[in-house]
Trainee: 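Before I ask anything, here is the structure I am working with.
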Amino acid sequence: MGDQGEIRVRFPPSPTGYLHIGGARTAIYNWLYAQKTGGKLILRIEDTDAERSTQESIQGIVDGLRWLGITWEEGPYFQTAYAEEHREAAQRLLKSGHAYKCFCTQEELEHKREEAKRRKEDFHYDGTCRNLSSEEIAKLEAEGRPYVIRFKVPRGPGGVVFEDAVYGVIEKKYRDLEDFVIVRSNGLPLYILSNAVDDIRDRISHVIRGQDHLANTPKQVLIYEALGERLPQFAHMPLTLDPQKRKISKRAHGEVVAVQYYRQRGFLPWALVNFLVLLGWSTSDNREFFSRSELIDAFSLAGINRANSVFDIRKDDPKFFTDPKALSINAHYIRTMPLEELLPYVEAELKAAGLWDPAFAGDKRPWFASTVDLIRSRYHTTNDFADLGRAYFADDFPIDEKVLVKNILKHESLKDWLPLMAERLQSIGEFTAETVEQSIRGLAEELDIKAGILINGARAAVTGQAAGPGLFDVLAAVGKERVVQRLRAVPELFA
Ligand code: GLU
């Protein structure tokens with residue numbers, strides 16, 4: 001396992017799209033393991049698919065990792081830079097008799113595949129070229145016949161055995177493995193080879209990756225052994241599925257599985273890390289929330305579950321647009337994180353929405369901080385500060401249609417009572433939650449009505465919402481001038 005016990009893990013994304021939550025989770029597990037053990041995380045961009053790899057994707061992956069707070073010690077390395085090394089490894093395998101040149105043509109293979117299908121058998125390459133003599137090979141090469149390089153899987157009753165930190169001892173019988181291709185006829189090495197050769201060069205001690213790669217591992221174990229290298233510790237993580245038990249993927253689910261999407265929709269990076277780590281890992285007491293140091297402390301490969309986890313995609317629900325648990329974890333952090341750490345996120349939201357006033361960082365700073373503190377308790381995302389919280393920061397804000405009807409229009413008298421409230425509030429000297437409460441309760445008594453009618457009506461008129469923090473605190477936060485203005489304008493709502 002690695003050299004001199006040094007822990008070295010890697011995150012090797014293929015840059016063919018955005019960083020999605022599955023990839024981010026893999027990166028997080030590797031990062032946590034490195035942090036926990038004092039090891040190193042290596043970022044390796046597996047860009048060998050020239051047609052699908054893009055610079056934009058590489059940038060997106062790096063930005064996404066940085067945003068999540070994932071740090072790496074080495075890289076990014078680029079797999080394409082090592083193509084020669086991969087080919088050399090294939091040459092070594094040829095020389096040592098662990099691989100051979102296969103001249104079978106596509107047509108021949110296709111024909112055999114068809115025949116196997118007819119017999120209702122799985123097609124495994126039959127080893128036609130496995131034992132060609134050096135004369136035969138020389139002749140075929142002299143004819144310019146193209147060839148692939150295949151790995152020579154041992155024949156016989158045994159199998160490849162390795163121990164996975166999550167799935168335990170795994171054995172794959174030799175008879176269930178075909179002589180797999182490691183270099184294409186155009187000379188390009190295949191992922192199965194390049195990935196293993198890179199892990200060897202990068203002295204990777206622990207390969208922590210998705211369970212979808214478990215089928216590759218026996219072949220890679222054979223490559224390691226044939227090259228005379230020690231195996232890394234493998235740890236395969238369970239898959240993340242959607243509620244219909246489909247694998248989460250960019251293709252099937254679109255942007256809702258992109259890390260960038262969560263960033264745009266008002267997720268705090270740590271909340272997303274906290275949510276993602278729980279998709280396939282848990283502590284024995286099923287803890288839900290972790291600070292960074294708590295998570296690093298608690299993380300272990302032994303805590304990775306074998307059962308697949310479910311990501312409850314709800315992209316069609318505009319309010320709860322994602323997994324409810326993800327939202328509730330985000331809400332938890334919005335509610336409880338140190339206010340000073342939250343403010344920059346709110347500032348960024350307000351700026352993006354055109355609601356930022358430079359004074360919020362100047363003389364209005366105490367007001368800004370206390371208002372954010374007041375309203376954050378009910379919010380799920382930082383977007384909510386600009387959407388649901390718009391009335392605190394702007395004069396133009398929508399009043400939810402249902403709320404308007406239920407809390408204002410259904411009570412005809414509010415057309416007079418709310419402007420009356422405006423006049424009372426106007427005359428208050430010091431505009432605080434206490435003085436506002438006194439005034440409103442006094443008015444309700446005078447009118448001989450329940451204060452609730454005034455309170456609900458005022459909340460709708462001043463904030464556009466039906467719910468929120470205590471109304472008196474809300475009015476104090478919105479401020480006398482704006483409150484009075486909004487209550488005076490209520491008759492217009494009846495028009
Ligand atoms: N490039 C591969 C992927 O993105 C890496 C697989 C591995 O971790 O070995 O799936």
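Every number for a ligand or one of its atoms is a count from 1 in the order of the listing.
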Trainee: Please tell me whether F299 and W31 form a close aromatic pair, meaning their ring centres lie under 6.0 Å apart.
Mentor: no
Trainee: Cut-off 3.5 Å, no hydrogens considered: what does the side-chain donor-acceptor table look like for residues 19-26, sequence neighbours left out?
Mentor:
unit_1: H20; atom_1: ND1; unit_2: G22; atom_2: N; d: 3.3
unit_1: R25; atom_1: NH1; unit_2: P238; atom_2: O; d: 3.2
unit_1: R25; atom_1: NH1; unit_2: T240; atom_2: OG1; d: 3.4
unit_1: R25; atom_1: NH1; unit_2: L279; atom_2: O; d: 2.5
unit_1: R25; atom_1: NH2; unit_2: P238; atom_2: O; d: 2.6
unit_1: T26; atom_1: OG1; unit_2: G22; atom_2: O; d: 3.1

Trainee: In residues 255-262, what donor-acceptor pairs under 3.5 Å come from side-chain atoms, sequence neighbours left out?
Mentor:
unit_1: Y261; atom_1: OH; unit_2: R265; atom_2: NH1; d: 3.2
unit_1: Y262; atom_1: OH; unit_2: V256; atom_2: O; d: 2.8
unit_1: Y262; atom_1: OH; unit_2: T322; atom_2: OG1; d: 2.8

Trainee: For R118, what residues pass the salt bridge (Lys or Arg N to Asp or Glu O under 4.0 Å) criterion, not counting sequence neighbours?
Mentor: none
Trainee: Heavy atoms under 4.0 Å from ligand 1: which residues qualify?
Mentor: R10, P12, P13, S14, E46, Y191, N195, R209, H213
Trainee: Quick check on side chain to side chain donor-acceptor pair (under 3.5 Å): which of Q79, H86, R87 does S194 satisfy it with?
Mentor: H86
Trainee: Per the side chain to side chain donor-acceptor pair (under 3.5 Å) rule, which among H206, R44, Q220, R8 passes with D199?
Mentor: R44
